[in-house]
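Report on the structure given below.
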Amino acid sequence: MNEGDAEANYAYYALHELRILPQDLMRMSRREQAVIYAMIDERIQAEKKARKSAKRR
């Protein structure tokens with residue numbers, strides 16, 4: 001999620017990984033969106049950590 005429009009990147013991830021349609025995401029309150037974005041960030045960090053750990057094995 002380093003390039004481009006952050007909101008578009010989150011919408012892309014939400015659609016493909018969480019099955020949340022972009023229009024559903026945009027209808028959420030800012031607080032709900034912030035929670036979803038924070039959860040996405042946590043999941044991405046966990047995935048990066050798992051990949052790094054797998055490479056060391």
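Here the structure is a predicted model, which means the values were calculated and not measured.
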Working to the nearest 0.5 Å, report the span between CD1 of Ile36 and CZ of Arg43. 11.0 Å
Could you state whether Tyr13 and Met39 fall into the same hydrophobic cluster, counting links through intermediate Ile, Leu, Val, Met, Phe, Trp or Tyr residues with side-chain heavy atoms under 4.5 angstrom apart? no
Tabulate below the donor-acceptor pairs under 3.5 Å that side-chain atoms of residues 15-27 make, not counting sequence neighbours, or state none.
residue	atom	partner	partner atom	Å
Arg19	NH1	His16	O	2.3
Asp24	OD1	Arg27	NH1	3.1

Run the salt-bridge test on Arg30 and Glu7 with the 4.0 Å N-O cut-off and return the result as yes or no. yes
When rounded to the nearest 0.5 Å, the distance separating CD of Glu47 from CD of Gln45 is 10.0 Å
Taking the side chain as every heavy atom from C-beta outward, state whether Asp41 and Tyr10 have any atom pair closer than 4.5 Å. yes
